[in-house]
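Because only heavy atoms are used, hydrogens play no part in the values below, and waters and symmetry mates are left out as well, while side chains stay in. Convention: sequence-line order gives letters A, B, ...; per-chain numbering from 1. Bear in mind that the values here come from a model prediction, so they are computed numbers and not experimental data.
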Amino acid sequence: MPEGHTVHRLAAALRAGFGEQRVRTSSPQGRFSEAADLDGWVLADAEAVGKHLFLAFVPDASVDAGAPVTRYVRVHLGLYGSWTFAGEPGFATVHAIGAPRVRIGEREEGLDDGDVDWRRIVPRPTTRLRIAGPQGLADLTGPTACEVLDAAGRQAVIDRLGPDPLRADADRRRFVDRVLASRTAIGVLLMNQDVIAGIGNIYRAEVLFRARLDPTVPGRDLTRGMVEGIWEDLVPLMEYGARTGRIVTTQPEHRDIEARIVERSRGTRQNGDEDPDVVPREKSFYVYHRQTLPCRVCATEIRSADMAARTVFWCPRCQTVRSRRATWTREHPAAPWALAPERSERP
DNA sequence: GGGACATGAAGAA
DNA sequence: TCTTCCTGTCCCG
């Protein structure tokens with residue numbers, strides 16, 4: 001499922017597609033009956049906080065400011081939720097956002113031939129919410145939450161979330177203090193949305209690898225600098241994700257371990273001929289879903305185990321940092337950000 | 001057609 | 001810690 005970066009990307013797509021426009025709303029599946037109450041309202045804004053999406057609706061464009069009624073639709077995609085878009089050329093830069101595997105994709109390509117009017121696209125029966133504007137439409141399926149809230153309700157949700165690294169108003173210190181005060185494992189804390197909002201299973205595994213941290217280290221055993229380092233590493237990683245829609249955490253020199261092993265044995269160098277702008281998914285992660293494969297840095301077999309009800313992946317050799325007394329060796333240096341944050345290479 | 005699995009989280013026990 | 005919910009895909013028989 002989408003981690004926080006996806007939801008921010010989605011909010012931007014919805015703002016661009018429907019922002020400040022009058023929209024039709026419906027629930028083809030029938031399980032979001034409140035859609036009818038908002039039909040014909042103006043979608044004033046779309047905002048992401050962690051993995052939560054808030055769509056602000058006001059009654060009508062012609063309503064003067066004053067104290068307009070605002071209703072918020074809160075959407076949480078959960079593990080399976082996704083949005084699909086269709087519309088005029090250039091309406092949405094994305095066809096589908098959400099669940100890991102493709103959705104309307106196939107069908108939509110057929111409909112995108114140009115012969116089929118997007119207005120005639122029949123929603124899937126599972127479509128919880130359809131939003132249709134002058135330029136296009138967006139269909140939501142499979143969310144774990146889709147509900148209407150007032151301003152207080154929206155605020156209550158936000159208040160129980162930890163800081164979101166993708167938000168300019170995020171309070172890094174809240175995250176750092178919370179981690180340093182906890183005896184819970186860092187691998188569990190990172191999945192707790194009250195501690196830090198927007199992190200999911202991929203970013204958890206990957207950022208811990210990059211920090212060389214053992215996922216089981218209690219938060220309070222870490223130094224303030226280490227925890228700040230986790231945050232500072234997450235910000236650009238997630239910004240990249242929000243911008244491109246893809247999670248890439250590997251540094252270029254670690255992307256092709258198989259080739260590097262061959263290269264080393266032959267004592268030759270090879271020129272990379274891949275498009276540097278597109279990192280293939282199978283080269284995008286250090287540890288996520290790479291259990292039993294060799295570590296990209298040290299070739300040790302990547303392991304996996306259950307942690308916080310999800311599978312965590314880690315390198316038992318690289319991720320040995322367990323406390324403030326951690327030592328670095330030449331072969332296993334500190335994470336890039338720990339050495340020189342400002343020069344750490346980003347994807 | 002059935003079961004496992006997937007970037008998630010709430011609520012019960 | 002366990003169960004449940006949301007959807008779609010893939011692999012198997």
B/dA13 to C/dC5 separation - P atoms, rounded to the nearest Å: 14 Å
For B/dC5 and C/dG13, measure between their P atoms and round to the nearest Å. 15 Å
Only counting residues at least two apart or in another chain, list the ones meeting salt bridge (Lys or Arg N to Asp or Glu O under 4.0 Å) with A/Glu34. none
What residues, two or more places apart in sequence or in another chain, satisfy salt bridge (Lys or Arg N to Asp or Glu O under 4.0 Å) together with A/Arg303? none
Can you check whether A/Arg124 has a side-chain N or O nearer than 4.0 Å to OP1 or OP2 of C/dG8? yes
Do the side-chain N or O atoms of A/Ser82 get closer than 4.0 angstrom to the phosphate oxygens (OP1, OP2) of C/dG8? no
Nearest-Å distance for atom pair [atom1]/[atom2], residues [X] and [N]:
X	N	atom1	atom2	value
A/Leu77	C/dG8	CG	C1'	14 Å
A/Leu129	C/dC6	CG	P	17 Å
A/Leu79	C/dC5	CG	P	15 Å
A/Arg128	C/dG8	CZ	P	11 Å
A/Tyr80	C/dC5	OH	C1'	8 Å
A/Asp194	B/dG8	CG	P	15 Å
A/Asp306	B/dC5	CG	C1'	13 Å

Side-chain contact check for A/Arg31: nearest option of C/dG8, B/dA6, C/dC5 is C/dC5
Looking only at side-chain atoms of A/Thr141, point me to the closest of B/dG8, C/dG8, B/dA6. C/dG8
If you restrict it to nitrogen or oxygen atoms, what contacts under 3.5 Å exist between nucleotides 9-13 of chain B and the protein, and what is each distance?
unit_1: B/dA9; atom_1: OP1; unit_2: A/His76; atom_2: NE2; d: 3.4
unit_1: B/dA9; atom_1: OP2; unit_2: A/Lys51; atom_2: NZ; d: 3.0

For A/Tyr286, enumerate each residue passing the side chain to side chain donor-acceptor pair (under 3.5 Å) test, keeping only those at least two apart in sequence or located in another chain. A/His254
Which residues satisfy the side chain to side chain donor-acceptor pair (under 3.5 Å) test with A/Gln291, sequence neighbours excluded? none
Base, sugar-phosphate, or nothing: which does A/Gln29 touch, judged by heavy atoms less than 4.0 Å apart? sugar-phosphate
Hey, does A/Arg204 reach any base, or is it just sugar-phosphate, or nothing, if we go heavy atoms under 4.0 Å? nothing
Main chain of A/Arg246, side chain of A/Thr244: is a donor-acceptor contact present, judged purely on distance under 3.5 Å? yes
Where A/Gly40 and A/Asp60 come nearest, the two heavy atoms and their spacing: O-OD2, 4.5 Å
Please tabulate, for the side chains in residues 148-163 of chain A, all donor-acceptor contacts under 3.5 angstrom to protein atoms that are two or more places apart in sequence or on a different chain.
unit_1: A/Asp150; atom_1: OD1; unit_2: A/Ala152; atom_2: N; d: 3.2
unit_1: A/Asp150; atom_1: OD1; unit_2: A/Gly153; atom_2: N; d: 2.8
unit_1: A/Arg154; atom_1: NH2; unit_2: A/Glu47; atom_2: OE1; d: 2.9
unit_1: A/Gln155; atom_1: NE2; unit_2: A/Asp159; atom_2: OD1; d: 2.9

